[in-house]
Visitor: 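Here you go, one structure.
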2 protein chains.
Amino acid sequence: MQLFRSVLNEVAVSKGQFLLKPGTVVKHEYFVVKGCLKAYYQDAKGNRHIIQFAIENWWIGDFDAFLNQIPSKLYIEAIEDAELLSIHYDNLQKIYNEAPIFNRYFRILTTKAFIAQQKRILSTLEKNTKDRYIEFCTSYPNIELRVANYDIANYLGVTPENLSRVRKTFKG
Amino acid sequence: MQLFRSVLNEVAVSKGQFLLKPGTVVKHEYFVVKGCLKAYYQDAKGNRHIIQFAIENWWIGDFDAFLNQIPSKLYIEAIEDAELLSIHYDNLQKIYNEAPIFNRYFRILTTKAFIAQQKRILSTLEKNTKDRYIEFCTSYPNIELRVANYDIANYLGVTPENLSRVRKTFKG
DNA sequence: TATCTTAATTGATATAGGTCAATAGGATTG
DNA sequence: CAATCCTATTGACCTATATCAATTAAGATA
């Protein structure tokens, strides 16, 4: 645990700042101590698709680019001023070698993230926009107060206009 | 590696047979040696939603139910006669303890599965049905010859009718 | 081969959601 | 306070996909 702490670095970003932009070879993953961030992909048409929101106690990064040490395709941007802990790729490899138990920690972490994503996929397959919005709000409590409407729409895969209309149907 | 082999069991299932049904506490995960299977969720309306196809060299299981040792919500069904290797939950825990390096193996395996799912989510957010069908066929080569049309539709989250029409638009 | 069963296709229509344009709030800045 | 800039909402219309029903095709079984 001391070893782990020794390789974590404190990072502060303010709202609107980027932790990562496409094309960068990704050297860090980030743990959110405070604040809120989004990871998104911008396609050829300029549409943004939110892969992940990260709030307190979540990890965020481009796991594909990080694992395979290839250039990223994602943006990671702070939606609120945020405090993070970062871990460098080389240090993480060092930790895996020196304290293999961390493989277990990250194995379980990754499995949980995998399961969460699977739920998201199922939700998309099964439910309509309204129900997915409600599910989203309950699984990320109070997130709708911290995140712009259009970002939630981009997460759910609908337009902001449609989400706005959908929200009207169950507010009073 | 010998330890690993010693806890794997050979399982054969024929087309149409189930490896898993909802309500079961999941004791096994499966590695596909030969054949093809599907994992799906059936919702309250009776609609089926395919979470995963598994072909040769893939792992399949209900990872949520397995990790947390809770009753499954999924069906896993063979769509071809299949040969599998199964590993029992208790044996996997034993392996993690006796040969912690397996944490590393499964950490990387899970990370790759996570990344594959992330691509599926992105694909759903970005692309229309036609492009997703094409992407599906290229990422699971020749799968369209092994899997029923309605199963592919259930994987993509569209109706079989619609998928049928979409396919017409680029065949000659 | 004839029959039965299941899957795929086609047609007609309905609906959810997208697109584009306009307007209205809120917040921020000079 | 006014001006500006975003964001959210609303309206009118359009498109992709769903739904339901009928038909055809393909596979399995006797």
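In what follows, chains carry the letters A, B, and so on, assigned in the order in which the sequence lines appear, proteins first and then strands, with residues in each chain numbered from 1.
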Visitor: How many whole angstroms separate atom CG of Asn47(B) from atom P of dT19(D)?
Guide: 7 Å
Visitor: Check whether any side-chain heavy atom of Ile87(A) sits under 4.5 Å from a side-chain heavy atom of Phe4(A), and report yes or no.
Guide: yes
Visitor: Answer with yes or no whether Arg165(B) presents, from its side chain, a donor or acceptor under 3.5 Å of a partner atom in the base of dT19(D).
Guide: yes
Visitor: Tell me the interatomic distance from Glu144(B), atom CD, to dA8(C), atom P, rounded to whole angstroms.
Guide: 13 Å
Visitor: In whole Å, I'd like the distance from the CG atom of Leu156(B) to the P atom of dA16(D).
Guide: 17 Å
Visitor: Closest to the Asn162(B) side chain: dA18(D), dG18(C), dT9(D)?
Guide: dA18(D)
Visitor: Using whole Å, what does the distance between atom P of nucleotide dA18(D) and atom NZ of Lys127(A) come to?
Guide: 18 Å
Visitor: Tell me whether the OP1 or OP2 atom of dA8(C) has a side-chain N or O from Lys168(B) closer than 4.0 Å.
Guide: no
Visitor: Does dT17(D) have OP1 or OP2 sitting under 4.0 Å from an N or O in the side chain of Thr129(B)?
Guide: yes
Visitor: Figure out the OH/C1' separation between Tyr150(A) and dG18(C), and round it to whole Å.
Guide: 20 Å
Visitor: Which residues satisfy the ring pair (Phe, Tyr, Trp, His ring centres under 6.0 Å) test with His28(B), sequence neighbours excluded?
Guide: His88(B)
Visitor: Grab the CD-C1' distance between Glu161(B) and dA12(C) for me, whole Å please.
Guide: 13 Å
Visitor: Please say which of Phe114(B), Phe66(B), Phe63(B) ends up in a ring-ring contact (aromatic ring centres under 6.0 Å, His included) with Phe114(A).
Guide: Phe63(B)
Visitor: Taking only residues two or more places apart in sequence or in another chain, which ones pass salt bridge (Lys or Arg N to Asp or Glu O under 4.0 Å) with Glu135(A)?
Guide: Lys127(A)
Visitor: Taking only side-chain N and O atoms of Thr159(B), does any of them lie within less than 4.0 angstrom of OP1 or OP2 on dT19(D)?
Guide: no
Visitor: Please give, in whole Å, the distance from dT7(D) C1' to Leu163(A) CG?
Guide: 13 Å
Visitor: What is the distance, to the nearest angstrom, from the CG atom on Leu145(B) to the C1' atom on dA7(C)?
Guide: 16 Å
